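Heads up, the thing below is written out as structure tokens.
Since we're looking at a predicted model, the values are computed, not measured.
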Amino acid sequence: MASVSSAGPSAGMSADGGKVNMAFVAAIVAVATIGGFMFGYDSGVINGTQEGLNSAFKLTAFGTGLNVAAILIGCAVGAFAAGRLADVWGRRTVMIISALLFVISALGTGAAHTSTIFVIFRLIGGLGVGAASVLCPVYISEVTPANIRGRLSSVQQIMIITGLTGAFLANYVLAHTAGSSTAEFWLGLPAWRWMFWMQVIPAGVFFLALLTIPESPRFLVAKGKDAQAEAILSRLFGEGTGAAKVAEIRASLSADHKPKFSDLLDPVSRKIRPILWAGLVLAVFQQFVGINIVFYYGSVLWQSVGFTEDDSLKINILSGALSIVACLAAIALIDKIGRKPLLLIGSVGMAVTLGVLTWCFSTATTVNGALHLDGSVGPIALVAANLYVIFFNLSWGPVMWVMLGEMFPNQMRGSALAVAGFAQWIANFAISFSFPAMAKLSLAATYGFYAASAVVSFFLVQKLIHETRGKELEAMQG
């Protein structure tokens, strides 16, 4: 597999020796990954607003779980619908729709005066997040050369974490400036409402930027628009290569029918293809290890064991910064050592750190109705939690999205992404919605479940996951 030439950023080489227009590739990837930023921002903004939501809507533990996790139902529907709609309307068109949904959700959640209205607009935002979560990585994989696809696709995870960190930072600044998340801020409105309204800025940038990039050439070939696809591929991979690549893509598609859900079944046995099972394992266990508890409930969690709101919001920012560093390490490694080794390393690291957190929370005592970690246990828990975040973002965080975007054959990619994306967000909802109630019963048992999931994920990866490093998308087998 040819590597990127040292002659300059515009002189990269594709696997077949053609010159890659790296400036054009980089510009397209930069735009697509803004969707990852919005995915992270819209998901993470809830962390730090919960005191305001509870005060405004008089929420119970069940109500808190529903308000936090409502977005994830929308995400599941958005991911499922986007995978199929992208095969009909195109990747770019559906991403543009998702950008508009981000804007609508930001305006509505900030203005909501009842829990019901708030949940409705969070569901709308979820549709956008779900669509962006599956389409941005697949779009990137479809316009980048195989030898650097892993690195460029991993940028998506950095942008997700940057979005999360951006939300944490904006929430901290707004709450700190106002005095608290429930204190009055601009126009006499509480700071937590402005935390949601701030999303309009990046959402608007995403929408405008999407208008400047081309449609996926693989989608265009599937729709019979070979001339348009050839023009884009020639611009991406060099003059004279467009026609050959169109022929490769055409050969990977079934000549007798358009992509459909029945492609997910083996044509002989009529059973679900093994590659889809592998995708479902990646999608579900990425959530079963509990990462979004840190990102959705981090502020509440650290306050529950003795940290102030101000310190808890600072810890969120620290976790986000460490996540970005870990993602940068993943980018450096993913095309060198491969996807599967990173997944295995992550499973081991998360199992150990979650095991430590389980022990820490098992020692917690109750002081004035609130949990408290005695002595050195608090700092140990804080270190373990941040090491856990590092291991996740070195491995399962970016690698799952990279693999879902590249592991499925062209014929079934849209359908497989619809199913895997739906499963990922349903698992996310189950973990996020259940956390307040589970934590009330036993925080140690809750983290014990996440630790056990990390252990199980190690063995499932060993058995079901096959390496995709360096393979062309047209070479993927089901």
Side-chain angles (χ1 to χ4, degrees), residues 72 75-84 86-87 130 133-135 137-138 141 149-150 153 252-254 259-291 334 338-348 350-351 392 395-431 449-450 452-478:
L72 304 174
C75 290
V77 175
F80 185 79
R84 293 298 296 132
D87 282 340
S133 72
V134 297
L135 292 186
V138 77
S141 74
R149 188 178 61 233
S153 297
S252 72
L253 298 170
S254 175
K260 55 186 179 181
F261 274 111
S262 61
D263 295 323
L264 302 178
L265 303 178
D266 185 277
V268 177
S269 67
R270 307 306 296 171
K271 294 181 179 179
I272 294 175
R273 291 177 184 266
I275 192 67
L276 181 57
W277 281 120
L280 289 171
V281 163
L282 289 174
V284 170
F285 275 85
Q286 194 214 40
Q287 292 304 311
F288 277 9
V289 297
I291 187 62
I334 194 166
R339 285 67 160 149
K340 187 170 182 176
L342 284 178
L343 290 171
L344 294 172
I345 291 168
S347 292
V348 172
M350 290 188 295
F392 176 85
S395 58
W396 281 78
V399 173
M400 186 213 74
W401 293 114
V402 169
M403 292 201 71
L404 289 187
E406 70 184 10
M407 67 191 290
F408 303 116
N410 282 338
Q411 183 70 30
M412 61 182 287
R413 186 170 297 124
S415 299
L417 276 169
V419 174
F422 180 81
Q424 201 268 350
W425 288 110
I426 288 296
N428 192 335
F429 174 81
I431 293 297
F449 171 78
Y450 305 149
S453 296
V455 172
V456 172
S457 73
F458 177 88
F459 296 103
L460 288 174
V461 167
Q462 278 194 319
K463 181 176 177 61
L464 297 176
I465 304 302
H466 300 289
E467 186 58 62
T468 56
R469 176 170 64 108
K471 291 184 178 180
E472 294 288 348
L473 296 186
E474 283 66 50
M476 300 299 176
Q477 300 295 319

>> Between Phe408 and Val138, is there a side-chain heavy-atom distance shorter than 4.5 Å?
In response: no

>> Suppose we screen for ring-ring contact (aromatic ring centres under 6.0 Å, His included). Which residues come up paired with Phe285, at least two apart in sequence or across chains?
In response: Phe288

> Considering residues at least two apart in sequence or located in another chain, which fulfil the side-chain contact (heavy atoms from CB on, under 4.5 Å) criterion with Ala81?
Replying inline: Leu85

> Can you tell me how far OG of Ser415 sits from CG of Leu276, rounded to the nearest 0.5 angstrom?
Replying inline: 9.5 Å

> Are Phe449 and Ile431 side-chain neighbours, meaning at least one heavy-atom pair lies under 4.5 Å?
Replying inline: yes

>> Nearest 0.5 angstrom please: Gln286 CD to Asn428 CG, how far?
In response: 8.5 Å

>> The test is side chain to side chain contact (heavy atoms under 4.5 Å, CB included); show your working for Gln424 and Leu404 and say whether it passes.
In response: CA-CA 11 Å; Gln424 201 268 350; Leu404 289 187; 5.6 Å; no

Which atom pairs, one a donor and one an acceptor, fall under 3.5 Å between side chains of residues 338-348 and the rest of the protein, sequence neighbours left out?
| residue | atom | partner | partner atom | Å |
| --- | --- | --- | --- | --- |
| Arg339 | NE | Glu406 | OE2 | 2.8 |
| Arg339 | NH1 | Ile334 | O | 3.1 |
| Arg339 | NH1 | Asp335 | OD1 | 2.9 |
| Arg339 | NH2 | Glu406 | OE1 | 3.1 |
| Arg339 | NH2 | Glu406 | OE2 | 3.2 |
| Lys340 | NZ | Gln462 | O | 3.2 |
| Lys340 | NZ | Ile465 | O | 3.0 |
| Ser347 | OG | Leu343 | O | 3.1 |
| Ser347 | OG | Trp396 | NE1 | 3.1 |
| Ser347 | OG | Ser457 | OG | 2.8 |

> At their closest point, which heavy atom of Gly421 faces which heavy atom of Ala79, and how far apart are they?
Replying inline: C-CB, 3.6 Å

>> What I'd like to find out is whether the side chain of Val281 reaches to under 4.5 Å of the side chain of Lys463, using heavy atoms alone.
In response: no

>> To check you understand the geometry: which heavy-atom pair defines the closest contact between Gly279 and Met407, and what is its length?
In response: N-CE, 3.8 Å

>> Just to verify, what does Phe429 make a side-chain contact (heavy atoms from CB on, under 4.5 Å) with, not counting sequence neighbours?
In response: Ala69, Leu72, Ile73, Phe433

> Nearest heavy-atom pair of Ala420 and Leu280: which atoms, and what distance?
Replying inline: CA-CD2, 4.0 Å

> If every non-hydrogen atom of Val77 is compared with every non-hydrogen atom of Phe422, which pair is closest and at what distance?
Replying inline: N-CD1, 4.5 Å

> With sequence neighbours left out, what residues match Trp401 under side chain to side chain donor-acceptor pair (under 3.5 Å)?
Replying inline: none

> Can you name the nearest heavy-atom pair linking Trp425 to Cys75, along with the distance?
Replying inline: CD2-CB, 3.1 Å

